[in-house]
Amino acid sequence: MKNINNKHRKLLTTELILLVILIIFWIFLLKMSPYFFTATNIKNIFNQQAVVGILAIGQLFVILTGGIDLSVGEVLALSNISLALLTVNGCPVPLAIILVLLLASSIGFFNGFMVYKLRIPAFIVTLGTMSIALGATLLVSRGMDIFGLPSCFSGFMLKHILGLPGLTFVFLLVVIIGELILRHSVFARHIYAIGGSLKAARLSGVNIKAIICSVYTISGFLAGVGGVLQTCLLNMGVSSTGATYNLESIAAVIIGGASLFGGKGSAIGTFLGSMLMVTLYNGAVLMNINPFWQLVILGIVILVVVAIDQLRKGTMLYE
Amino acid sequence: MNNILLLEVKNLSKSFGGLRAVDNLSFKLYSGEVLSILGENGAGKSTLIKMISGALSPTKGEIFFENNLLSRLTPRYAQKIGVATIYQELALADNIDIPGNVFLGEEIAKKIAGFGVLNKKRMIEETEVLLDKIKAEFKDLLVTTGEISGGQRQAVAIARALRKSAKILIMDEPTASLAVNEVKKVRELIRELKKNGVGIILISHNIEDTFSVADRLLVMRNGRNVGERLISRTNENEVFALIMGITGE
């Protein structure tokens, strides 16, 4: 009954495979384009990855319970617009950030509460809040972009924290905290239990309501953080900024080895998944591929990954 | 049959819509006693134990544990007072490793800044002790329960139920999916627990299980208690007759 050390070997497989794919991809791009391995381009990749990556970590918590959050992109947009409006109208920046994070977290909590309480499938609930958040964004901004933000937003983009660009620092912080929570906390153990077997979790006395509400709140909160960072990145409020983030955050999570059925996935995996996705975009630009192909390619990657997950699970929906 | 009254169920009923799954059923369980509950599929056995373990709330009736009335019983509270249940489907999360399943819902943790941090080392050690106690052997404890055999899963579920010193152990079809030598092991374990004063409720299709380990049996038909017998004063024919509802009682 000894010999308990081969856990690490197993834990790392998905992440290792991803890393290898990523490195192969990088070497390929390095050969194909002289611009790939330049400081500007690498910085671009990290900046692009930060916002979608943070959303993806929130999405991961939800997906681990077997749910999905389709509202993160629009909550991000609403946070971006609200932050721009508040600060342009004289609200102190720290207060504005706190208010925006509170708003985003409350939307997340609302999602979780509805999913648990009314037993409505998560994609319906979050589709509803997605529409509400989008409508609210357009209403408060009247569909227009908001300029003239305080200089601290664009200033943050030039800041370095511990030698890392500010945006990247925040992203890595979220990934590391996320990974620590998922690996070591009782909270995460219960998240995985719900995703693995809702019945087992319930019979074991896991507080399902608290966990479900928490994961959606985390997702909402991180969408708010994404909105704040997006404001720094754009230095303005853009009402249409959330459009592709829902799909991309889900894609990052499942490319990162998580199962859409719940119960399996890691923050490191999601980090690598989002990096692979952003590299894919970046590579397409560098190789002069029509940007519209990016969506097609991303869609194919998602279908392949989900198909592999489904086959591994060994169950077919229509059998 | 020795001594203390552990559990008393009085006039318990459970309806699902128009269906009466358990109908006005009463019985008692003493410490160090194995009570076997028999009955055909759909007789209401599983519904009955789910009420005792807190997974379902009764439509009517009362459950007393050590002479205290239990109202609004939840699975967590039942575990806390010492009512452990092993469900037929075992209730394991197959994406989590063995110690994780043994301690699911009751993890050993340290509080760090108000946050519960898993103490994996201690959970592994205590799982080893529990599995040793039931003489179950695993090469690797850190595999998920989705990767082990049916008998091993049963062992994990039993270790889980014994994690805290249970006063009552409810086992729903514990030998249903086991190989012969594993069945023997489970029966030995039941005798061992009985010696330690645990009151055991054994739900089984397997009349051999009943006659091999039980002290007393209760037969359910259509949700009702249709007869209780001491094992020493009955035989298989009589029990079959009760289960099938052949009169002559």
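The analysis underlying the following values was restricted to heavy atoms, covering all of them including side chains, and did not include hydrogens, waters or symmetry mates. Throughout, protein chains are lettered first and strands after them, A, B, ... in sequence-line order, and every chain is numbered starting at 1. Keep in mind it's a predicted model, so treat the numbers as computed, not measured.
In this structure, the side chains of B:D97 and B:V143 stay at 4.5 Å or more apart for every pair of heavy atoms. Taking the side chain as every heavy atom from C-beta outward, B:I63 and B:L69 never approach each other to under 4.5 Å.
A cation-pi arrangement is not found for A:R189 relative to A:F187, the charged atom failing to lie both closer than 6.0 Å to the ring centre and inside a 45° cone about the ring normal.
Chosen from B:G100, B:G116, B:G146, B:P75, the residue pairing most often with chain A at heavy-atom distances under 4.5 Å is B:G116. Listed options A:K199, A:R202, A:H190 were ranked by heavy-atom pairs under 4.5 angstrom with chain B; first place goes to A:H190. When each of B:A78, B:A55, B:A93 is scored by its heavy-atom pairs under 4.5 Å with chain A, the top score falls to B:A93. Put simply, of B:I112, B:L92, B:T85, B:L104, the one with the most heavy-atom pairs under 4.5 Å next to chain A is B:L104. For the set A:S204, A:G196, A:S197, A:G263, the entry with the most heavy-atom pairs within less than 4.5 Å of chain B is A:S204. Most heavy-atom pairs under 4.5 Å with chain B, from the set A:S185, A:G205, A:G195: that is A:S185.
Residue contact with chain A, scored on non-hydrogen atoms closer than 4.5 Å, involves the side chain of B:I96 exclusively. For A:H184, the parts sitting under 4.5 Å from any heavy atom of chain B are the backbone and the side chain alike. Residue B:K110: no heavy atom, backbone or side chain, is found under 4.5 Å from chain A. Heavy-atom distances place no part of B:Y77 under 4.5 Å from chain A, backbone and side chain included.
Tested against B:N101 for a side-chain hydrogen bond (donor to acceptor under 3.5 Å, both in side chains), the candidates B:N95, B:D94, B:T145 yield a single pass: B:T145.
Side chain of A:T126 to main chain of A:L70: a donor-acceptor pair is present (N/O by atom type, distance under 3.5 Å, no hydrogens or angles).
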Next item on the list: Go through B:D23 and B:K14 one step at a time and tell me if the salt bridge (charged side-chain N to carboxylate O under 4.0 Å, His left out) criterion holds.
Entry: CA-CA 7 Å; B:D23 190 1; B:K14 177 73 186 177; over 6 Å; no

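Within 6.0 Å of atom CZ in A:F110, 12 or fewer heavy atoms from other residues, nucleotides or ligands are found, so the atom counts as exposed in its surroundings.
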